[in-house]
Amino acid sequence: MSDEAQPRHYNKATGGWGSMEGMARVELTTKAGPSALATLKEQNKPGGYMCSSCAWAKPPEPHVAEFCENGAKATLWDLTPKRCTPEFFATHTVSELKTWSDFDLEDAGRLTHPLRYDAASDRYLPVSWETAFAAIGATLKRLEPKSVTFYASGKAALEPSYLYALLARMYGNNNLPDSSNMCHETTSVGLKKVLGSPVGTCTFQDLEKCDAIFYIGQNPGTNSPRILHPLNDAVKRGCKIVAFNPLREKGLLEFTDPQNPWQMTLGKPTQIAHQYVQVAAGGDIAALMGVCKRVLELDAQTGNVLDRAFLDEHCHGMDDFIAKVHATTWDEIEENSGVSRAELEAAGDVYAQAKNVIGIYGMGLTQQVHGTQAIGMLVNLLLLRGNIGRPGAGCQPIRGHSNVQGQRTVGISEKPELVPLDKLREIFGFDPPTEKGHTTVEFLEALLDGSARGFIGLGGNIVRAVPDQSRFDGAWPGLDITVNIATKLNHTHLRPGKESFLLPCLVRAEDDRQASGPQQVSIEDSFSHIYGSIGRRTPASEHLKSELAIITGIAKATLPPRPDWAWDEWTADYGKVRELIARTYPDEFYDMSARMDQPGGFYRGNPAHDRIWKTESGRAEFTVPTVLTNSGLTKAAGRFTLVTLRSNDQFNTTVYGYSDRLRGLSGNRMIVLMSPADMADMKLADGAVVTLVTDCGDDRRRAVSGLTVTPYDLPRGCLAGYFPELNPLVPLDHHDELSKTPAAKGVPVRIETS
Ligand SMILES: Nc1nc2c(c(=O)[nH]1)N[C@H]1C(S)=C(S)[C@@H](COP(=O)(O)OP(=O)(O)OC[C@H]3O[C@@H](n4cnc5c(=O)[nH]c(N)nc54)[C@H](O)[C@@H]3O)O[C@H]1N2
Ligand SMILES: Nc1nc2c(c(=O)[nH]1)N[C@H]1C(S)=C(S)[C@@H](COP(=O)(O)OP(=O)(O)OC[C@H]3O[C@@H](n4cnc5c(=O)[nH]c(N)nc54)[C@H](O)[C@@H]3O)O[C@H]1N2
Ligand SMILES: [Mo]
């Protein structure tokens, strides 16, 4: 637990000795031991185990240690010798455990036995797998298929994910929301609309050829630290990085390479960002508009800035967009972006001078009410100079969970139009449902209105990850059934339905042995590369099953028996599941088992990368934003825009510890960061304890109390604090207009002091 009450400051570069300290501390907490360190040595290397932390690429020629501080933490966290056994559950009731912190619940260790909730004693009791599957199957058969939701959290590999989606469709629905619905769904919808492809257009090699990177709303030092190596290399080549972020994130400022002994001991850190645009929270549409305005001005002067051949041949809607840029004044741009004209012109100059530009972005763009418009705006800028679909250029979201993109690729999607239903019909001989399923937000709405009757979770912690966090507590017990497939205990497991099962699974680093021998799985990274992964560690308990075996166990107990639905055969040999994936998606996954083990994996391709635009017009689409702020918030006296963030010591709702080293903060997660100028205006001292209250105009009071005011270098009007502690402040209906991704980066709040 926290041993320091006040945050303290840290001023070192990203990487370096600090990251070594961070890993050592988690090693101490988890007591993972020397064999876990052996696992780290083969992490992200061909023939090894693929990290279960973020979705960054696994390069064909890996470094000696191809893992980062946070990947190491994730592995050590999985491989802890601590165990959360039936004895633990005999000692603690569910009501008591509900009062524990996220950290303490997961710190109880790995789940060891399948468990069933017993309402009479308010405890989880051990149950056999057979009894659990039979009971789950009996209840699911009784329920109306449309009332059951199959959530997934982005970690499970391609093989179990494919079967999970198949199970939901054979059962009779497309209720397959994913953590992606709270994350990059804005990308899946926004990029699809303008480029015809829902994923990034770059390959790893493009990073070696770009001359500028526009790096928007993503925190590499914490959330995808291995990207710091290619960024570092790019800067050394002369590539200019222009960062857009309301926070001056350390990873974008400077980096000490932990792989480089000289730099670790003597050398100077590399300066990462050539220019740091400290945009107002939600100010990116306006800021990018300013950059575009400068590019058009330069073109008007010289006539050779725009890529006219590309624009003529490949784009649609440019005239309307250009008219909008001309009609938008610099005053409006400065007012809405919070950035001066001179700074945006400087960014425009970098863009215009660079031959190849990549636009990289993360949650700062996606978790906004107008997130899809913001992504459209970034694409507008890239299109002006033909920076999509050629080497060294492209639009590249940085995805979250290690296989979140892959889960969508193999069918975990509530949008049936994204799934080859005809292939499923042909291969499995059933009529897949065609009605659209629940997004995460729609599941929550169904939970509230009582139409949801069952919830199955393939990993994750939906109770803590969602908006309006505390609003659903009363609804969960009304569900007929909740089933969670998990590795460690979290608050979602403590919201049992009338019937409830907690099913423990192997982690990716563990030896997964089935009837045909040890099994490999595969995952897809942010660059659409697919890799094999094999676990070698002894499982945490002999009672664990793989995610795939649990899914097939539920399927067998729920669906009518058919010889061609060969659940046992598929469980015995995951290669058979890869054959099914290849039959369903032949163009991308042919010969999958062989290709996934080649160094660097295989690229499944992306039409936009080859300038084939699967959009409505058949061309890349310029879009005209209808607003200048991503958050859509209007300014009002005393109102702030709250940004919810990850610390350097967490993976989503998994809290490893209480240090946010790269931001110089530690000891307390119940803080609110605030600019000293706003503190002075509000007469708040460093260390004052306040309540944040949502200011969205509906009648519901949403408040989080006990937050310590902490001065921080932020633009005026912007507050920041931690996810998931601040999730009760995000209204359920405060989400991106098209994708319904909750707008966790633009929450309107007020400060109460008493
Ligand atoms: N160690 C670790 N790694 C992780 C995760 C983790 O929790 N821990 N989570 C994983 C997951 S699921 C995901 S999706 C990714 C998330 O990785 P990121 O996309 O980096 O997500 P966040 O940390 O939420 O913050 C994004 C950044 O957006 C900035 N920002 C906020 N508002 C704005 C804005 O209006 N404009 C701009 N330009 N920037 C803004 C914030 O200051 C922050 O730097 O990381 C993945 N990797
Ligand atoms: N306010 C706010 N809210 C947010 C965000 C934000 O930035 N701000 N970010 C959003 C984003 S980007 C995301 S992706 C979601 C995350 O939402 P989720 O993906 O639902 O949450 P996680 O915290 O990643 O899930 C952690 C749990 O997963 C289980 N687990 C871990 N490893 C495994 C495994 O290998 N197999 C299985 N079966 N289970 C495992 C463990 O029980 C662990 O407790 O949160 C979203 N919510
Ligand atoms: Mo995410």
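Both ligands and their constituent atoms are indexed starting at 1 by order of listing. Quick caveat, the model's predicted, so the values are computed rather than measured.
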Check Glu335 with Lys635, please: is the shortest side-chain N to carboxylate O separation under 4.0 Å?
yes
If you measure from each heavy atom of His184 to ligand 2, is any distance below 4.0 Å?
no
Answer with yes or no whether the side chains of Tyr162 and Glu159 bring together a donor and an acceptor at under 3.5 Å.
no
Any idea which protein heavy atom is nearest atom 19 (O) of ligand 2, and the distance to it?
His401 NE2, 2.8 Å
Just heavy atoms, cut-off under 4.0 Å: does Ala744 contact ligand 2 by side chain, backbone, both, or neither?
side chain
Where is the nearest protein heavy atom to atom 23 (O) of ligand 2: which residue, which atom, and how far?
Thr653 OG1, 2.6 Å
Would you mind running through ligand 1 and noting each atom that sits below 4.0 Å from a heavy atom of Asp284?
34 (C), 35 (O), 36 (N), 37 (C), 38 (N)
The option among Leu252, Asp649, Asn223, Asn648 carrying the non-hydrogen atom nearest to atom 3 (N) of ligand 1 is Asn223
Step by step, would you call Leu247 with Asp713 a side chain to side chain contact (heavy atoms under 4.5 Å, CB included)?
CA-CA 7 Å; Leu247 274 77; Asp713 181 3; over 6 Å; no
Would you say Gln367 and ligand 2 have an N/O pair spaced under 3.5 Å apart?
yes
The one among Gly460, Cys505, Ser180 that brings a heavy atom closest to atom 25 (O) of ligand 2
Gly460
Protein contact of atom 40 (C) of ligand 2 - nearest heavy atom, named by residue and atom, plus distance:
Thr487 OG1, 3.4 Å
Is the side chain of Lys488 donor-acceptor paired with the backbone N or O of Cys84 at a distance under 3.5 Å, no angle test?
no
Please determine, by modelled atom types, if Asp512 and Gln520 share a side-chain donor-acceptor pair under 3.5 angstrom.
no
Enumerated ligand 1 atoms positioned under 4.0 Å from heavy atoms of Gly282:
34 (C), 35 (O)
State whether the shortest distance between N or O atoms of Phe723 and N or O atoms of ligand 2 falls below 3.5 angstrom.
no
So, Trp77 versus Phe651, ring centres under 6.0 angstrom or not?
no
Return the closest protein heavy atom for atom 17 (O) of ligand 2 as residue, atom name and distance.
Ala465 CB, 3.3 Å
I need the minimum non-hydrogen distance between Thr482 and Pro496, along with the two atoms involved.
OG1-CA, 3.8 Å
for atom 21 (O) of ligand 2, nearest protein heavy atom and its distance come out as Asn461 N, 3.5 Å
From Thr222, Thr629, Asn219 - option closest to atom 1 (N) of ligand 1 by heavy atom:
Thr222
Side chain, backbone, both or neither: the part of Glu249 lying under 4.0 Å from ligand 1 by heavy atom
side chain
Arg110/Glu510 ion pair, N-O < 4.0 Å
yes
Considering the options Thr492, Thr653, Asp102, which one meets the side-chain hydrogen bond (donor to acceptor under 3.5 Å, both in side chains) requirement together with Arg464?
Asp102
Which of the atoms of ligand 1 are close to Gly362, meaning less than 4.0 Å from one of its heavy atoms?
19 (O)
Any N or O on Val507 sitting closer than 3.5 Å to an N or O of ligand 2?
no
Proximity of Gln368 to ligand 1 by residue part, where a heavy atom lies under 4.0 Å:
side chain
shortest atom 8 (N) of ligand 2-to-protein heavy-atom contact is with Thr644 OG1, 3.0 Å
Can you list the atoms of ligand 1 that are under 4.0 Å from a heavy atom of Met363?
14 (S), 16 (C), 18 (P), 19 (O), 21 (O), 24 (O)
Using a 4.0 Å heavy-atom cut-off, which part of Asn652 comes near ligand 1: side chain, backbone, both, or neither?
both
What pairs with Glu737 under side chain to side chain contact (heavy atoms under 4.5 Å, CB included), at least two apart in sequence or on another chain?
His370, Thr372, Gln373
Quick check on contacts: which atoms of ligand 2 are under 4.0 angstrom from a heavy atom of Glu547?
34 (C), 36 (N), 37 (C), 38 (N)
Side chain, backbone, both or neither: Met182 near ligand 2, heavy atoms under 4.0 Å
both
Using a strict threshold of under 4.0 Å (side-chain N to carboxylate O), is an ion pair present between Glu185 and Arg408?
yes
Could you tell me which atoms of ligand 1, counted from 1 in the order shown, lie closer than 4.0 angstrom to a heavy atom of Ile216?
38 (N)
Just by modelled atom types, is the Ala156 backbone N or O under 3.5 Å from a matching donor or acceptor in the Gln407 side chain?
yes
Using distance alone, with no hydrogens and no angle criterion, decide if Ser647 and Arg669 have a side-chain donor and acceptor under 3.5 Å apart.
yes
Heavy-atom donor-acceptor pair, Thr552 side chain to Ala549 backbone, under 3.5 Å
yes
Which atoms from ligand 1 have a heavy atom of Leu645 less than 4.0 Å away?
41 (C), 42 (O), 43 (C)
Checking heavy atoms under 4.0 Å, the part of Arg464 that sits near ligand 2 is neither
Looking only at protein heavy atoms, identify the closest one to atom 42 (O) of ligand 2 and say how far it is in Å.
Lys488 O, 2.7 Å
Do any nitrogen or oxygen atoms of Glu106 come within less than 3.5 Å of a nitrogen or oxygen of ligand 2?
yes
Should the pair His438 and Phe443 be assigned to parallel (<30°), tilted (30 to 60°) or perpendicular (>60°) ring geometry?
tilted
Whether Phe88 and Trp100 hold their rings parallel, tilted or perpendicular, with breakpoints at 30° and 60°:
perpendicular
Taking atom types as modelled and ignoring hydrogens, do the side chains of Thr654 and Glu106 form a donor-acceptor contact shorter than 3.5 angstrom?
yes
Ring centroids only, cut at 6.0 angstrom: are Tyr361 and Phe244 within range, meaning strictly under it?
no
Under the criterion side-chain contact (heavy atoms from CB on, under 4.5 Å), which of Pro742, Ser153, Pro177 is the partner of Met182?
Pro742
Atoms in ligand 1 flagged as close to Phe244, the criterion being non-hydrogen separation under 4.0 Å:
37 (C), 38 (N)
Nearest neighbour in protein (non-hydrogen) for atom 18 (P) of ligand 2:
Tyr151 OH, 3.5 Å
Answer yes or no for Ala281: is there a heavy-atom contact with ligand 1 below 4.0 Å?
yes
With a 4.0 Å cut-off on heavy atoms, is Arg646 touching ligand 2?
yes
For Tyr722 and Arg646, what are the C-alpha separation, side-chain angles and deciding distance, and is it a side chain to side chain contact (heavy atoms under 4.5 Å, CB included)?
CA-CA 6 Å; Tyr722 293 122; Arg646 295 161 161 77; over 6 Å; no
Numbered atoms of ligand 1 (with element) below 4.0 Å of Cys183, judged on heavy atoms:
14 (S)
Measure Val643 to ligand 1 on non-hydrogen atoms and call it side chain, backbone, both or neither using the 4.0 Å cut-off.
side chain
Give the contacting part of Asn630 toward ligand 1: side chain, backbone, both or neither, where contact means a heavy-atom distance below 4.0 Å.
neither
With no hydrogens and no angle check, just 3.5 Å: does a side-chain donor-acceptor pair link Asp660 and Asn648?
no
Would Gly154 count as a contact residue for ligand 2, given that I'm defining contact as a non-hydrogen atom of the residue lying under 4.0 Å from a ligand atom?
no
Please say whether Val466 places an N or O atom under 3.5 Å from an N or O atom belonging to ligand 2.
no
